[in-house]
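Notes for the one structure printed next.
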Amino acid sequence: MEIGLRLAVSLAQIAAVMGVVMLTVMVLTLAERKVLGWMQDRMGPMEVGPYGVLQPIADGLKLFFKEDIIPAGANKFMFTLAPILALVPAMIGFAVIPFGPSMTIELFGMQIKPFVISDINIGILYILAFASIGAYGIILGGWSSNSKYSLLGGLRSAAQVISYELNVGLAIVGVILLSGSLSLVKITEAQAGGFWNWFVIAMPFPQIFAFVVYVISSVAETNRVPFDLPEAESELVAGFFTEYSGMRFAFFFIAEYANMILVSCVAAALFLGGWNAPYPGTILGHLGLDALAWIENVVWFAAKVYFFLFLFFWLRATLPRLRYDQLMRFGWKVMLPIALGNIVLTAIAAYFFPR
Amino acid sequence: MDHIFFFYFAAVIAATSLLVVALRNPVYSALSLLIMFFHVAGLYVTLHAEFLAAVQIVVYAGAILVLYLFVVMLLSIKSEERYHSQLPVAGLLGVMLCTEVILLFIQSRTGAAAPAAADPIAGPGNTEMIGEALYSTYLFPFEVASLILLVAMIGAIILAKKDINEPVQ
């Protein structure tokens with residue numbers, strides 16, 4: 001009975017988070033086209049619904065009813081497996097993201113944390129572990145399609161993801177040194193009490209360099225412009241998902257957007273104080289409405305995440321694609337030394353000025 | 001409960017390890033290796049070594065195996081037949097190893113009781129404990145390991161680099 005109830009609550013939490021993520025993906029597909037349109041002095045999609053707001057639903061229906069084609073000579077098993085291998089790791093990382101304040105509520109005599117599915121003590125490592133599994137979907141999808149464009153896209157992606165994952169991992173070490181924990185909830189709690197406590201500018205050693213390395217590397221890891229070489233349309237048609245259609249294509253598409261949301265959530269939680277407001281406490285809390293303070297926290301978290309998502313669109317509208325050798329040189333010869341130097345300096349600062 | 005999980009993980013690890021060497025398609029082998037890494041990580045979690053579990057996936061599944069796949073795809077080997085004529089040797093070695101394991105198992109049954117499973121560590125977390133042990137008790141082995149890795153790295157650079165002053169032939 002106890003276990004059944006706990007399972008039901010967990011499943012409800014998972015369903016809620018998945019729902020929010022899928023809804024955000026839907027909003028993002030429209031937002032990206034609209035924002036790109038405005039930046040390029042166009043209107044963006046205008047046909048479906050008032051002002052084009054129903055476009056994601058039309059896109060979803062189209063993908064759902066499209067014929068599912070498996071190319072001749074493709075490895076059928078791997079071809080089917082690859083989109084799932086891409087999507088599942090992208091969604092599973094949200095299990096440790098704290099969307100709101102770390103409070104517990106009593107429900108049916110159980111302690112439940114409403115804003116995080118599972119606060120495990122290795123939270124950030126868990127996200128890194130599953131982010132690295134996402135590469136398999138891309139590589140195997142490219143390999144199994146039996147097409148040279150797909151294979152080249154998959155190979156490029158393998159090299160790129162490994163190179164930039166290293167930088168992501170090293171960039172967050174500084175934050176872990178300062179907060180003394182791997183749990184995202186504890187890291188966020190360590191940044192409470194105003195924007196001057198956020199790790200991006202916090203004393204004793206501001207993580208501004210780590211922040212820049214993290215943001216650039218996470219753009220590369222999610223295969224977005226200007227690092228979208230695995231799917232560079234002018235060279236590789238569509239890269240690793242050239243041969244995919246219908247729902248399998250949609251899986252890759254959703255995985256890319258879910259990964260964008262995930263890295264934005266991690267960036268917000270690690271560097272910009274997560275759910276903490278930029279001033280001490282919350283306005284609703286100061287007004288005596290402590291029970292409603294969580295609304296303000298959640299809104300701040302969403303605002304930070306959407307700031308990063310806007311940054312993704314902004315980069316796409318602004319920057320041209322890198323050449324492949326430039327991408328590799330930049331990753332290994334510029335980002336890696338900066339991240340390593342940041343670890344050394346942060347460790348020295350954390351030793352002499354413990355928080 | 002712990003036993004059920006242990007036997008599940010152990011069975012899958014054994015089965016997928018066999019598949020890694022038995023399957024003809026190297027990409028399938030890599031995939032069963034991936035499944036094995038995940039179950040080894042699961043085994044670490046049942047032993048309350050969460051940090052090791054995460055590092056197992058990050059390092060082995062996330063980096064090393066991706067490189068394996070990379071090489072397999074670059075060489076575009078459809079299926080490799082060269083190494084499948086070693087059945088007699090492999091069988092002999094397998095039987096010997098199996099005998100040793102069974103002998104050890106019988107001895108441990110009659111001898112001292114097996115050490116109890118690790119209890120969850122109270123106080124400082126698993127990650128802190130590993131860091132503490134690595135940088136105090138095992139500092140020397142740790143430094144030696146990093147030196148070996150450094151040597152390997154320098155070796156790779158020397159193998160790959162071109163001599164600028166070398167005359168063009």
Side-chain angles (χ1 to χ4, degrees), chain A residues 3 73 75 77-79 81-82 85 89 92 96 118 120-146 148 150-166 168-169 176-177 180-183 186 221 240 332, chain B residues 1 23-35 37-38 40-42 44-45 48-79 120-131 135 153 156-157 160:
Chain A
I3 274 186
N75 186 323
F77 172 65
M78 289 290 184
F79 194 80
L81 186 70
L85 265 181
I92 219 169
V96 293
S118 169
I120 56 177
N121 55 359
I122 50 158
I124 186 66
L125 274 181
Y126 171 88
I127 290 180
L128 284 184
F130 280 102
S132 58
I133 300 305
Y136 283 97
I138 295 175
I139 299 170
L140 291 176
W143 176 79
S144 63
S145 299
N146 193 29
K148 48 181 167 294
S150 300
L151 183 65
L152 280 174
L155 285 177
R156 279 184 175 188
S157 136
Q160 178 177 332
V161 169
I162 290 180
S163 310
Y164 279 85
E165 220 168 52
L166 196 65
V168 168
I176 295 167
L177 276 172
S181 174
L182 291 170
S183 153
K186 291 216 179 70
E221 223 193 330
F240 58 89
W332 288 98
Chain B
M1 197 68 174
L23 285 170
R24 297 280 160 126
N25 190 329
V27 175
Y28 286 158
S29 295
L31 213 63
S32 36
L33 201 58
L34 176 68
I35 298 169
F37 285 147
F38 264 92
V40 172
Y44 285 141
V45 171
H48 304 285
E50 294 92 358
F51 179 77
L52 269 186
V55 168
Q56 163 88 14
I57 295 180
V58 171
V59 174
Y60 284 98
I64 293 178
L65 196 56
V66 174
L67 276 181
Y68 279 0
L69 263 183
F70 192 79
V71 172
V72 165
M73 282 157 63
L74 267 185
L75 299 177
S76 95
I77 315 163
K78 285 290 174 216
S79 67
I121 302 156
N126 171 253
T127 315
E128 287 92 331
M129 296 293 280
I130 287 180
Y135 285 98
M153 211 158 77
I157 291 172

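All chains are named by letter (A, B, ...) in the order of the sequence lines, taking the proteins before the strands, and each is independently numbered beginning at 1.
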So with a 6.0 Å cut-off around OH of B:Tyr28, is the heavy-atom count from everything else above 12?
yes
Taking atom CD1 of B:Ile57 and atom CG of A:Leu128, what is their separation to the nearest 0.5 Å?
11.5 Å
Do the ring planes of B:Phe38 and A:Phe130 sit parallel (below 30°), tilted (30 to 60°) or perpendicular (above 60°)?
tilted
Contact class of A:Ile162 relative to chain B, heavy atoms under 4.5 angstrom:
side chain
Using non-hydrogen atoms only, which part of B:Leu67 is less than 4.5 Å away from chain A: side chain, backbone, both, or neither?
both
For A:Ala129 against B:Ala54, the heavy-atom pair lying closest together:
CB-O, 4.1 Å
Of the backbone (N, CA, C, O) and the side chain (C-beta and beyond), which part of A:Leu166 lies under 4.5 Å from a heavy atom of chain B, both, or neither?
neither
Heavy-atom distances under 4.5 Å only: say whether B:Leu65 touches chain A with side chain, backbone, both or neither.
both
Part of A:Ala159 lying under 4.5 Å from any heavy atom of chain B:
both
Knowing that exactly one of B:Val66, B:Leu34, B:Val58 qualifies, which makes a side chain to side chain contact (heavy atoms under 4.5 Å, CB included) with A:Ile133?
B:Leu34
Interface moiety of A:Leu81 toward chain B, non-hydrogen atoms closer than 4.5 Å
side chain
Which answer fits A:Ile122, side chain, backbone, both or neither, if we ask what part of it has an atom under 4.5 Å from a heavy atom of chain B?
side chain
Any chance you could measure B:Glu50, atom CD, to A:Asn121, atom CG, to the nearest 0.5 Å?
4.5 Å
Indicate yes or no: at least one non-hydrogen side-chain atom of B:Phe51 is less than 4.5 angstrom from one of A:Leu182.
yes
Using only atom types and a distance under 3.5 Å, with no angle test, would you say the side chain of A:Tyr136 pairs donor to acceptor with the backbone of B:Leu31?
no
